[in-house]
Each structure stands twice: as C-alpha cells, then as structure tokens.
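See structure below.
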Amino acid sequence: MTQLPFSYPAIDGERLLADLHTLRGFGAAGCGVVRPSLSPEDIASRHWLRQRMADAGLDATLDGVGNVIGRSPQPGPALLLGSHTDTQPLGGWLDGVYGVIAALEVARTLRHDPVLGAIALDVASFIDEEGTHYSFLGSLSASGQLDQPTLDAARCRDGTSLPERLHAAGLDGRIAPLDLRRYAGFIELHIEQGPVLDDGGKRLGVVSGIVGARNIDIVVSGEANHAGTTPMARRHDAGRALIALASAIEDTFSRTAGPETVWNIGRMSFQPGAAAIVPERAELRLQFRDLDSRRLDRLEAALQPLAADIRTRWQVGVDIARAGQPTLPAHLSPVLQAHLVRATERRASGAWITLPSGAMHDAGIFAQVMPAAMLFVPSLGGRSHCPEEDTRPDDLVLGAQALADAVVDWARFTLPDRLPARK
C-alpha cells in the first residue's frame, strides 16, 4: 500500500454538535429530554440515527430489540464504539447520546482519510441502558448475554410482557447478537455524570473501572390494627420495623464500606398507608455499588443477621430477595486504557486524570465478553439524569477528538500492515 505522511485527522466539531442538537429535538422538554426507550420519540430517533450512520458509509440496521448498529465495510479486527440514546423519564440531552454521536463522528472522519479509512470501526446505540423496561436490554442482547428464550419470557418493570412491548413499538423482538469474533474491543465515550472532573478543573478522564451493583427488595410483614387504640407494646408494626432495619443498614454499611462504596434506598412504602392504621406491610428497595465483588458480597451477607434481629425485636416477618441479576464490576482493558491515556495527554496535557465510574454503563456489559474501556468529559456541576445536565461545547469536541486519536493509536499498534509505521 502507499505510505502517506501520518497525522491525526481533526474531527468536525460543528458537525458533531449539530447532530447532538438534532437528536436533542426528539423528545425535547424545556432544557431536558423525555425519550425513554420504546417511546414514539425513541423509535423515531433510532430511524434518524440509522440514516445518519448510512450517510456515513456504514451498513446500518435497526435490530429486533431496537439496537442501531452501523458496521464498517472493512474487515476486522474491528473496534466497536458507542453508547445509548434512550433517556431517563425526564433526563438530560447528553448522557449516552454524546457517546453515540461522537462515535459516529469518529467513524465518518476516519472513513474519508486515504490511509485511516482502512480501520474497521463499528458504531452502536444500545437500547434501554436506562432500564425503563429491561436494564441493558440492548448491550446484553448484542453481546450474547441475553438469549431468546429469556427475552421471550421477560417482563418489563411494570409487569407487562417485554416481547409485547417490543411488538407495540414496531420491533419483532428477535435478538441479533454481534459476531464477537470481529471485535478487538469496545470503547465508550460518556459524560462523567459526577463532579470529579468539573470540581478538579480537568477536561478528560480515563476510566479505571466500573462499579457493580446489587438491587435488594426487603418486605416486612406485620399486623394491621387501630393506630389510636393499640398499645405500642402490642403492635406488630411493619412500618416502624422497616425504618429500624433501614437505620441498622445505614450503620452497618457505613462500617463496611470502602472508598468507592455507595448505597441508596430508592423506594419505601407502607400498606395500607393510612395515618390511623398500623402498617401490615412495608417495602423497601435498596441498591449498593462498589468496584469490588467481594465487598458487595459482604454487604449483601450483612443483611440477613440484621433482618433476624428485626424479626425477633419487632415480632414481624422479614423477607429479603435480590431484584434481578446483579451487575458485575467491570475491570477495563489496560491496553485500551493506555491508548486513551496517550490520546488524553496529547490533547489535554496536565488536564486529565484516571478515575472509577460510579455509574453503570454499556461498557460494563461488554467488558464481560471483550476488552473494553471508557473516556469521560466533565459534567457541569456534576449534574446528570436531570434537565440541567450539560457539558461545555469545547469539552464535547475535545472528548471526541481524543477518542479519534485513541482509535488511530490502537490501529497503528494492531494493524501495522494497513497503516504507516509509527514515527
């Protein structure tokens, strides 16, 4: 092949931002976006995205669960880039969207380079990362970690049939896993969704690992009775017992936690829910996250003795069960991280750091089956999953440029027969 002078091609920042703002229009609500997976706005945006991928020279498809996949015509080994474009019920305009559009921008920039067009670069938008119906539906199915019988029997969070929900959105519900043999790895560019980069004045962050998570449902069963006439000592109060258990969990987790451990009580309810009735049932949803699976095991194991104590002291029933399958911590590829480090140092010397991700991402799913890596740009004020979510335009462009540089570096190390030797 002809050896041409090597350089890192510049992405088109204006084109990147224009596509981000166009996608923002699907479900725009004030400064936020309402585009949950399988909504009419979500499906419309996926057809638009498929066309944009086709315009970039990719073989673009919308699969049976809603993933938009753009495949390079080049043979592998390939890199897979992307993220998700669904939002929270009232979310921000960047979240995973940024990673998808930046991946598309990198693919079309490199495609028109006379040498770098030889790189096989596929782009993806995975559906339902946010878990509106089935958490990580897109990345689990595309990575081969969700099979057809499991999907066919799956229920959405509201109890409805997942296949029926997919059919109602115009999708056939058939899983089309990617050919993992094609890929050397997956890289996801994302906003940080936390305050570390913004507070520290940093412009880029190379992600060292992604936390795993456990969701736990706790149900306390007591006895309904009149709240005015039943003496306190005679009550089997499911509500107060659950509050006592929540307090005990807080104390125990505080002693067991590591530097990256976080936990949250996202839902608590009492039944029948009247001020004049002692609750006969109380429910709680607990989530905890950490980079260390062993610590997650210890936190989960600590719940049983706490529950046993509550049963005895409050004379109530306590049932503890996992809600869904745990999400495993992701140990990211040192090789891909090294390419990202070189790119961030080239583009933002002294203004980048390594940091863990406290949020879960599609990269964490793909890390279970192939090398994976992540790159962050700052979130202003650490705000995300809200309409106020934002990032400076120059940081959005910088992140996409660093991603392009990392892809080129990966190719120069991995595909020496296709690209010029390193100078």
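Below, each value reflects all heavy atoms present in this structure, side chains not excepted, and no hydrogens, waters or symmetry copies.
Donor-acceptor pairing under 3.5 Å is recorded for the side chains of His84 and Glu129. A side-chain donor-acceptor contact under 3.5 Å links Arg165 and Thr160. Counted by atom type alone, Arg289 and Gln287 present one or more donor-acceptor pairs between their side chains at under 3.5 Å. Checked by atom type, the side-chain pair Asp42/Ser39 shows no donor-acceptor distance below 3.5 Å. Judged by distance alone, the side chains of Ser379 and Glu192 never bring a donor and an acceptor atom under 3.5 Å apart. Looking only at atom types and distance, the side chain of Asp128 has a donor-acceptor partner in the side chain of Ser37 under 3.5 Å away. Side-chain contact check for Ser72 and Arg111: no donor-acceptor pair (N or O, by modelled atom type) lies under 3.5 Å.
Separating the CD atom in Glu14 from the CG atom in Asp12 is a distance of 6.5 Å, to the nearest 0.5 Å. In this structure, CG in Asp95 is found 10.5 Å from OG1 in Thr85, a value given to the nearest 0.5 Å. Distance check: Asp19 CG to Leu17 CG gives 9.5 Å after rounding to the nearest 0.5 Å.
Listed by first then second residue, pairs satisfying salt bridge (charged side-chain N to carboxylate O under 4.0 Å, His left out) with a partner in residues 297-322 read Arg214-Asp297, Arg214-Glu300, Glu300-Arg322, Asp309-Arg313, not counting sequence neighbours. The list of salt bridge (charged side-chain N to carboxylate O under 4.0 Å, His left out) pairs with a residue in residues 378-393, not counting sequence neighbours, reads Asp198-Arg392, Arg383-Glu388, Arg392-Asp395. Judged as a ring pair (Phe, Tyr, Trp, His ring centres under 6.0 Å), the pairs with a partner in residues 273-296 (not counting sequence neighbours) are, in order, Phe253-Phe288.
Using a cut-off of 4.0 Å between Lys/Arg side-chain N and Asp/Glu carboxylate O, Arg50 and Asp63 are scored as not salt-bridged. Salt-bridge formation is detected for the pair Arg347/Asp405: a Lys NZ or Arg NE/NH1/NH2 atom is positioned less than 4.0 Å from an Asp or Glu carboxylate oxygen. Salt-bridge check for Asp122 with Arg71: failed, with every basic side-chain N at 4.0 Å or more from each acidic carboxylate O. A salt bridge is defined here as a Lys NZ or Arg NE, NH1 or NH2 lying under 4.0 Å from an Asp or Glu carboxylate O, and Arg174 with Asp172 fails to meet this definition.
The side-chain hydrogen bond (donor to acceptor under 3.5 Å, both in side chains) test applied to Ser208 returns no partner, not counting sequence neighbours. For Glu105, the side-chain hydrogen bond (donor to acceptor under 3.5 Å, both in side chains) partners at least two apart in sequence or on another chain are Arg15, Arg108, Thr109. Contacts of Ser143 classified as side-chain hydrogen bond (donor to acceptor under 3.5 Å, both in side chains), with partners at least two apart in sequence or in another chain: Gln145.
Using a 4.5 Å heavy-atom threshold, the side chains of Trp410 and Leu121 count as separate. Contact annotation: the side chain of Glu283 never approaches that of Ile218 to less than 4.5 Å [non-hydrogen atoms, C-beta and beyond]. Looking only at side-chain heavy atoms (C-beta outward), Trp352 and Glu345 come within less than 4.5 Å of each other. Within the 4.5 Å cutoff, side-chain heavy atoms of Gln368 are placed close to those of Leu328. For the pair Leu180 and Met370, the minimum side-chain heavy-atom distance is below 4.5 Å. For the pair Leu81 and Val106, the minimum side-chain heavy-atom distance is below 4.5 Å. Side chains of Leu104 and Arg52 form a contact here, defined as non-hydrogen atoms less than 4.5 Å apart. In this structure the side chain of Tyr134 never reaches within 4.5 angstrom of the side chain of Arg157, judged on heavy atoms.
Taking the six-membered ring for Trp, Phe136 and Phe366 have ring centres at least 6.0 Å apart.
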One pair to check against side chain to side chain contact (heavy atoms under 4.5 Å, CB included): Asn225 and Asp237. What are the steps and the verdict?
CA-CA 9 Å; Asn225 215 329; Asp237 189 330; over 6 Å; no

List the steps, then state whether side chain to side chain contact (heavy atoms under 4.5 Å, CB included) holds for Ile43 with Leu171.
CA-CA 9 Å; Ile43 296 300; Leu171 303 168; 4.3 Å; yes

Verdict with supporting geometry, Thr150 and Asp147, side chain to side chain donor-acceptor pair (under 3.5 Å):
CA-CA 6 Å; Thr150 301; Asp147 60 25; 2.6 Å; yes

Using the side chain to side chain contact (heavy atoms under 4.5 Å, CB included) rule, take Thr261 and Arg295 through it: C-alpha gap first, then chi angles, then the decisive distance, then the call.
CA-CA 9 Å; Thr261 310; Arg295 182 171 286 113; 3.2 Å; yes

Begin with the C-alpha distance, continue with both residues' side-chain angles, and end with the deciding distance and a verdict on side chain to side chain contact (heavy atoms under 4.5 Å, CB included) for Leu110 and Val407.
CA-CA 9 Å; Leu110 299 188; Val407 169; 3.7 Å; yes

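The only option from Leu204, Val397, Leu94 that meets the side chain to side chain contact (heavy atoms under 4.5 Å, CB included) definition with Val377 turns out to be Leu204.
When the shell of 6.0 Å around CD of Gln325 is examined, it contains 12 or fewer heavy atoms from other residues, nucleotides or ligands.
Put simply, the side chain of Arg281 never gets that close to the backbone of Val219: no donor and acceptor are under 3.5 Å apart.
Relative orientation of the His190 and Phe376 rings is perpendicular, given thresholds of 30° and 60° on the angle between their planes. Using the six-membered ring where Trp is involved, Phe126 and Phe186 have ring planes that are perpendicular, over 60° apart on the 30 and 60° scheme.
Taking the centre and axis of the six-membered ring of Tyr8, the NZ or CZ atom of Arg346 falls inside the cone set by 45° and 6.0 Å.
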